[in-house]
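Quick notes on the structure that follows.
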Amino acid sequence: MVTAYPQAIEKTIDKFTEVSVSPYVKNYDVNRRQLLLRLLPKDAKLLKFHQSLCPGCVDEEKFDNMKIDAVTYARHGKVWVAKECSQHGIFRELSWSDYEMYRKAEKFQDPGIKILNPNIDKSQFEIDCPSDCGLCVEHESHTGLGNIVVTNRCDLTCWYCFFYAKEGEPIYEPTMDQIRFMLKRMRDEKPVGANSVQFTGGEPTIREDLPDIIRAAKEIGYGHVQLNTNGINLARDPNLAMKLHEAGVSNLYMSFDGLSPQTNPKNYWEAQTALENCYKANISVVLVPTVIGSVNDHELGDIIRFGMGNNHVVRSTNFQPVSLVGRMPDILRKRQRITIPGAIKRIEEQTDGQIGREDFFPVPCAKQITDFIEAIKEEPQYRLSIHFQCGMATYAFKNGQNMVPITRFFDIEGFFEYLGELTKELRTSNHKRIKTPIVMAKLALNMKKFVDEERKPKNLNFVKVMRGAVQGGNYHGLADFHNNSLFIGMMHFQDPYNWDIDRIHKCDIHYATPDGRILPFCTFNVIPELYRDRIQRKFSIPASEWEKRSGKKLSDDKHHRKLTAEEMRAIKANYDKYRRTLVKTELEPDWGNDEIEEDEVMKQKLA
């Protein structure tokens with residue numbers, strides 16, 4: 001089963017029986033749906049009934065009870081989710097802070113792709129999501145980006161990190177044989193094997209055999225090998241970047257939370273040196289800011305300016321609105337919550353409208369390109385079929401001192417519509433061998449019709465770049481795009497408060513584990529005691545044993561800065577060139593102050 005169902009047709013509460021119901025929920029009868037109506041404001045516009053998680057049950061490891069019914073609705077121009085646990089009470093959460101952006105994104109759903117060799121030996125009638133992850137027969141995306149945790153050791157202790165080995169905890173560090181097994185497991189997926197892998201941690205660069213691990217991935221057939229890192233060791237060791245490049249690493253996915261020591265205590269002082277060492281080694285870098293409301297959401301425009309100013313090595317800024325895993329006070333959660341539209345609105349304000357909400361499209365908009373390539377090659381292709389709420393992106397090109405998003409000079413929706421017409425021509429043709437070169441010639445001839453030459457950045461041969469992206473069908477086809485622009489992405493991983501069963505079925509960012517399972521990101525990390533932590537404990541050794549075997553002390557991993565005052569002044573001066581917000585400004589929470597107050601009152605009435 002591959003599914004795309006309406007999730008943006010609004011209905012009033014009295015017409016709840018007409019509201020869309022998630023196809024992944026079994027026996028979702030009228031009585032169950034009606035019980036959720038008491039949680040809603042009277043003016044709510046219902047969008048869908050689905051299932052979510054109870055944060056309390058997840059935290060207390062009550063996995064048999066954690067999945068609960070939920071309803072998504074629109075109100076006050078935002079999208080919300082409401083749910084109730086019989087033990088832990090009512091939860092209401094902001095899902096997306098802009099309903100119009102939600103409606104735009106929903107139009108680009110991709111039904112997905114059926115996994116032909118699932119790892120879980122159960123039929124779709126037996127599967128209990130998310131307790132049977134691994135991948136199962138119900139999953140609807142192949143592995144777009146595979147993750148392998150190579151260590152849980154880290155040289156930092158960031159409070160919002162998904163995980164790292166805390167003092168006294170066992171050490172998880174899979175062997176080379178286990179890593180090869182996991183790599184092959186994802187590569188062998190049918191009908192489309194994983195072509196991109198990210199080595200993550202902990203901090204992967206702590207492992208001395210990391211170059212050998214990268215080489216193993218290339219030998220097994222991965223075209224794209226990415227390293228998730230804080231960059232500190234790349235700054236400390238000028239030769240490390242060259243070693244990684246020679247081993248075959250494609251790019252770095254480097255944490256970078258802001259342009260001040262307050263917003264980026266992690267690697268503010270080391271990031272610039274890490275970038276220059278990567279540039280010398282010919283390694284491109286993706287900056288990855290974790291966006292936290294009231295903490296660093298006032299610096300998103302600064303981060304983009306910094307990325308564009310260092311475009312010789314920085315190819316992308318990929319913002320990740322924070323996932324609020326674990327119990328926390330309601331008021332703190334509501335103030336720190338920021339959604340994809342919330343981050344985009346901050347960017348629009350902080351770039352003076354140079355990059356705006358109209359410039360972003362959801363990740364599955366690439367469906368039209370994938371469908372076209374499949375029609376030409378007549379076999380399944382790499383498909384970005386994640387849920388439309390999971391991610392959005394745009395490309396920004398430098399034009400003098402300004403940034404010009406792709407949408408300002410290229411008619412994306414018109415082009416996608418035209419690709420759809422060409423795809424239909426190919427699929428309905430009885431003479432594919434003759435039809436294909438004709439269709440390709442038509443595409444080459446007509447592509448320029450979608451480009452506004454007057455608004456296009458100078459010295460940009462955009463038609464040539466687009467032709468490579470459409471015809472390439474893989475990462476290499478997008479190379480010229482990334483070399484001529486800054487990719488600005490958004491990826492909002494879930495947490496127990498906003499978890500949606502629809503999104504988990506479409507996830508294409510997966511973790512391979514030594515027991516042979518391949519797990520969606522938002523089950524692996526959101527339910528850690530069922531998956532991540534339980535699996536890693538099984539394959540870990542006590543910290544004392546690790547120290548005995550390695551002859552090292554875990555305390556030696558921790559990073560201690562040694563910078564002179566002059567070095568610190570130079571680093572700060574270089575950042576400040578890109579900053580518009582030298583003094584932190586307080587921004588209204590994505591929830592909205594009025595909504596936070598109203599929600600507290602409503603919860604008291606229902607208690």
Side-chain angles (χ1 to χ4, degrees), residues 2-4 103-113 140-142 144 191-192 195 358-388 390-397 405-453 455-456 460-482 484-485 487 489 506 508:
V2 287
T3 309
R103 291 178 62 189
K104 172 185 175 179
E106 192 265 355
K107 293 190 301 182
F108 291 95
Q109 291 191 71
D110 188 324
I113 190 169
E140 296 178 348
S141 289
H142 66 81
V192 179
N195 186 52
E358 73 277 7
D359 300 314
F360 285 82
F361 280 75
V363 171
C365 74
K367 173 184 183 297
Q368 296 287 16
I369 296 176
T370 306
D371 288 348
F372 179 73
I373 296 169
E374 284 187 349
I376 292 172
K377 298 190 176 182
E378 299 186 84
E379 61 182 8
Q381 298 293 310
Y382 183 90
R383 178 173 290 274
L384 295 171
S385 52
I386 63 174
H387 190 272
F388 63 89
C390 293
M392 297 191 90
T394 190
Y395 284 91
F397 293 81
I406 184 174
T407 53
R408 307 293 173 92
F409 61 86
F410 182 61
D411 179 8
I412 290 180
E413 294 199 48
F415 177 68
F416 283 161
E417 186 177 334
Y418 181 60
L419 266 188
E421 294 171 4
L422 294 181
T423 301
K424 187 176 180 180
E425 275 190 48
L426 286 166
R427 286 177 172 171
T428 57
S429 174
N430 294 322
H431 306 284
K432 187 70 65 69
R433 191 171 295 177
I434 298 172
K435 191 69 174 178
T436 297
I438 295 173
V439 165
M440 294 302 292
K442 287 172 67 174
L443 175 62
L445 182 65
N446 292 316
M447 194 176 290
K448 59 185 178 183
K449 294 179 180 179
F450 301 98
V451 180
D452 186 335
E453 291 291 335
R455 302 183 70 180
K456 177 182 69 65
L460 174 64
N461 189 340
F462 187 74
V463 171
K464 179 184 176 183
V465 171
M466 271 302 299
R467 200 173 291 145
V470 173
Q471 295 174 353
N474 54 33
Y475 279 104
H476 302 297
L478 290 171
D480 280 343
F481 245 115
H482 289 283
N484 288 282
S485 66
F487 177 83
K506 299 292 188 188
D508 76 348

Take a 6.0 Å sphere around CD of Glu358 and say whether it holds more than 12 heavy atoms from other residues, nucleotides or ligands. yes

Spell out, as yes or no, whether a donor-acceptor pair under 3.5 Å connects the side chain of Lys506 to the backbone of Pro111. yes

Shortest non-hydrogen contact from Ile113 to Val192? CD1-CG2, 3.8 Å

Out of curiosity, Phe397 CZ to Phe462 CZ, how far, rounded to the nearest 0.5 Å? 5.5 Å

Between Asn446 and Tyr418, is any side-chain donor less than 3.5 angstrom from a side-chain acceptor? yes

Side chain of Ser429, backbone of Glu425: donor and acceptor closer than 3.5 Å? no

Identify, with sequence neighbours excluded, every residue that meets salt bridge (charged side-chain N to carboxylate O under 4.0 Å, His left out) alongside Arg103. Glu100

Only one of Ile386, Thr370, Asp508 forms a side chain to side chain contact (heavy atoms under 4.5 Å, CB included) with Pro364, so which one is it? Ile386

Would Lys104 pass as a cation-pi partner of Phe361, given that its NZ or CZ must be under 6.0 Å from the six-membered ring centre and within 45 degrees of the axis? yes

Are side-chain heavy atoms of Gln109 and Lys107 found at a separation under 4.5 Å? no

Nearest 0.5 Å, please: how far is CZ in Arg408 from CG in Asp359? 4.0 Å

Donor-acceptor pair, distance only, cut-off 3.5 Å: does the side chain of His142 make one with the backbone of Pro191? no

Hey, mind stepping through Phe108 and Glu413 against side-chain contact (heavy atoms from CB on, under 4.5 Å) and telling me if it holds? CA-CA 10 Å; Phe108 291 95; Glu413 294 199 48; 4.3 Å; yes

If you round to the nearest 0.5 Å, how far is NZ of Lys442 from CG of Leu422? 6.0 Å

State whether the side chain of Ser141 and the backbone N or O of Ser385 hold a donor-acceptor pair below 3.5 Å, judged by distance alone. yes

Asp110 to Arg383 - nearest heavy-atom pair and separation: OD2-NH1, 2.8 Å

Can you tell me how far apart CG (Asn461) and NZ (Lys456) are? Round to the nearest 0.5 Å. 7.0 Å

Please report the closest heavy-atom contact between Pro362 and Phe388, naming both atoms and the distance. CB-O, 3.8 Å

Could you check whether the rings of Phe410 and Phe415 sit parallel, tilted or perpendicular, using 30° and 60° as the cut-offs? tilted

Can you see which heavy atom on Lys432 is nearest to which on Glu378, and at what distance? NZ-OE1, 3.6 Å

Measuring from Ile373:CD1 to Thr423:OG1, what's the distance to the nearest 0.5 Å? 9.5 Å

Spacing of Asp411 atom CG and Lys449 atom NZ [to the nearest 0.5 Å]: 13.0 Å

